[in-house]
Amino acid sequence: MKKVWWKHGVIYQIYPRSFKDSNHDGIGDINGITECLDYLQDLGIDGIWLSPIYRSPMYDFGYDVSDYCDIDPVFGTMRDFKHLVKEAEKRNIAIIMDMVFNHTSHLHPWFLESRSSKDNPKRDWYIWHPGKKRKVPNNWMAAFGGRAWEWDPLTQEYYLHLFTKQQPDLNWRNPNVKKAMFDVLRFWMDNGVKGFRFDVINYIMKDPLFRNNPYKFRLTYPRRHDLQYHLYDRNQPEIHDILKELRHLLDSYGQIMSVGETYPNEGEREPLMAASYLGNNDELHLSFDFSTIYISFSAKEFTSILIQWYNAIGNKGWPSHVLSNHDQSRAITRIAKNDLQKAKLLAVLLLTQKGTPFIYYGEEIGMVDGKIPYRYIQDPVGKKYWPFHTGRDKARTPMQWDATSYAGFSTAKPWLPVNPDYTRTNVALQSKNAESMMQFYRQLIALRKSRKELYAGEIEFLPGSDDVMLYKRVWNNDTCLVALNFSSSKRKINFDSTCRVLLSSYQKNIIDVQTITLDPFEAVICSK
Ligand code: GLC
């Protein structure tokens with residue numbers, strides 16, 4: 001079997017504004033990332049997914065792109081980018097770009113043209129509608145507040161924006177849009193990019209009849225957007241045709257990876273939807289199942305959603321696993337309630353499942369959610385919905401490198417406040433401490449790399465108990481057993497033969513055992 005980097009490796013997501021500031025303006029940048037490549041190599045990762053670094057007016061911090069083929073000056077230059085790709089390549093690390101297909105910035109030249117007149121050739125590149133009886137065309141709501149339709153006084157029509165009004169939705173029913181976007185992909189592949197993460201890829205096509213979304217009955221959330229079932233503004237069948245063409249293009253360049261953000265209805269688990277975008281192994285290479293967003297720290301729940309995820313994929317494609325990203329409260333806070341032992345267990349879970357694991361920057365040192373006062377909030381979601389939704393800034397605080405001021409992230413005041421725990425939780429301290437979270441991640445990734453059964457093998461869940469999750473990873477005659485004790489008390493496990501403990505979240509000595517007593521929240525990996 002040949003090792004395929006995106007299948008058998010580990011991917012690390014960087015939120016560039018917050019990783020490392022090399023030019024002392026308080027905002028992370030490309031050269032900052034390049035400076036940290038040795039750190040990432042030591043950690044053992046194989047690919048870096050960069051949240052958007054294209055030119056952008058930053059209404060949604062880069063997810064509103066005004067030029068897809070240039071770097072925003074806040075992050076550096078195209079030269080810096082090429083240097084990053086080259087330095088990453090030397091370390092066998094692939095660079096993955098974040099591709100925003102659903103919408104552009106309202107300042108993108110395409111949109112400026114489109115809105116200039118009804119007969120502009122780019123008019124149809126976006127979704128325009130005259131409205132109904134001087135009212136909005138339908139009941140669709142924007143994820144970031146209010147209606148999804150904005151009235152444009154110049155041409156007297158509405159345009160659609162599923163996010164902020166500075167993010168008009170592209171019309172993917174127009175073949176020229178596809179052509180232009182595929183050219184963008186070519187541009188980055190020609191510049192050495194090895195993969196793409198596709199932003200809200202399941203949103204890119206809309207119902208051609210613009211039918212109303214049905215409302216859910218429960219009133220649980222102040223965002224009206226979340227009370228709708230997104231039947232007509234997401235998951236339209238034609239998306240699959242686009243993805244087949246996309247796959248064809250990527251495959252023609254060699255081993256280029258694609259991973260889709262396939263977003264579920266708020267509060268719902270939709271593994272079948274996420275898996276559907278893998279097609280018959282002829283659409284995306286990977287897609288995210290966000291069932292892990294809406295979960296508590298429970299062996300039963302995790303086992304059940306993971307089994308559903310594997311069943312949804314079957315052998316049509318390859319799974320991926322993610323617990324944290326730039327849009328959600330960090331898993332250590334959300335699921336583990338800031339408990340380090342629980343977080344280590346989650347790390348073992350993430351890195352020993354079958355499929356590609358995605359680590360979010362700072363996860364490896366146990367960075368927790370920031371507590372950001374309203375006056376410092378930057379995220380449009382937080383600004384709009386405070387205090388019901390405090391926004392996404394809490395998961396975007398500066399990376400904690402050391403105990404110097406601003407956590408070694410920058411010498412200038414960072415764009416978001418540094419977590420006050422940085423003097424205790426940082427890379428420099430943890431690299432000196434054999435029992436730290438970071439060393440644990442390193443060992444875990446190294447172990448995963450060294451054993452085929454862990455990075456490529458099949459998975460089989462074994463009957464555990466209500467609070468112990470037990471599974472096997474198998475490759476030919478090699479088997480690893482993973483046991484995760486979700487309970488706050490000790491739990492005894494009997495294996496059917498002698499096993500060797502390869503790694504424990506309690507730093508136990510490596511021993512051969514047939515029976516093992518797991519400490520509270522302990523995670524162990526054993527070989528048979
Ligand atoms: C995705 C991104 C998020 C962004 C949104 C609009 O959900 O992950 O950060 O705000 O799309 O592009």
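Order of appearance sets the numbers: ligands from 1, and atoms from 1 within every ligand. For reference, positions follow the sequence shown, starting with 1.
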What is the nearest protein non-hydrogen atom to [atom], stated with its residue, atom name and distance?
atom: atom 5 (C) of ligand 1; result: Phe163 CE2, 3.8 Å
atom: atom 7 (O) of ligand 1; result: Glu261 OE2, 2.9 Å
atom: atom 10 (O) of ligand 1; result: Asp60 OD2, 2.5 Å
atom: atom 8 (O) of ligand 1; result: Asp327 OD2, 2.4 Å
atom: atom 11 (O) of ligand 1; result: Asp199 OD1, 2.9 Å

Exercise. Should the pair Glu150-Arg115 be classified as a salt bridge under the 4.0 Å nitrogen-to-oxygen rule?
Worked result: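 Looking at Glu150 and Arg115, the cut-off is not met.
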For this session: For the pair Asp393 and Arg17, find out whether any cationic side-chain nitrogen is under 4.0 Å from an anionic carboxylate oxygen.
Result: no
For this session: Consider ligand 1: state whether an atom of it lies below 4.0 angstrom from any non-hydrogen atom of Arg197.
Result: yes
Exercise. Is the closest heavy-atom distance from Phe144 to ligand 1 below 4.0 Å?
Worked result: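 Phe144 counts as a contact of ligand 1 under the 4.0 Å cut-off.
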Using a 4.0 Å cutoff against the non-hydrogen atoms of [X], which atoms of ligand 1 qualify?
X: His103; result: 6 (C), 12 (O)
X: Arg392; result: 3 (C), 4 (C), 9 (O), 10 (O)
X: His326; result: 2 (C), 3 (C), 8 (O), 9 (O)

Exercise. Donor-acceptor pair, Asp29 side chain versus Ser22 backbone, under 3.5 Å?
Worked result: yes
Problem set entry | Lys/Arg cation over aromatic Tyr229: Lys216, 6.0 Å, 45° cone | yes
For this session: Can you label the angle between the Phe101 ring and the Trp172 ring as parallel, tilted or perpendicular, going by 30° and 60°?
Result: tilted
Problem set entry | Under 3.5 Å side-chain donor-acceptor pair for His326 and Tyr63 |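 Yes, a side-chain donor-acceptor pair sits under 3.5 Å.
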For this session: Assess the side chains of Thr164 and Gln166: does a donor N or O sit below 3.5 Å from an acceptor N or O?
Result: yes
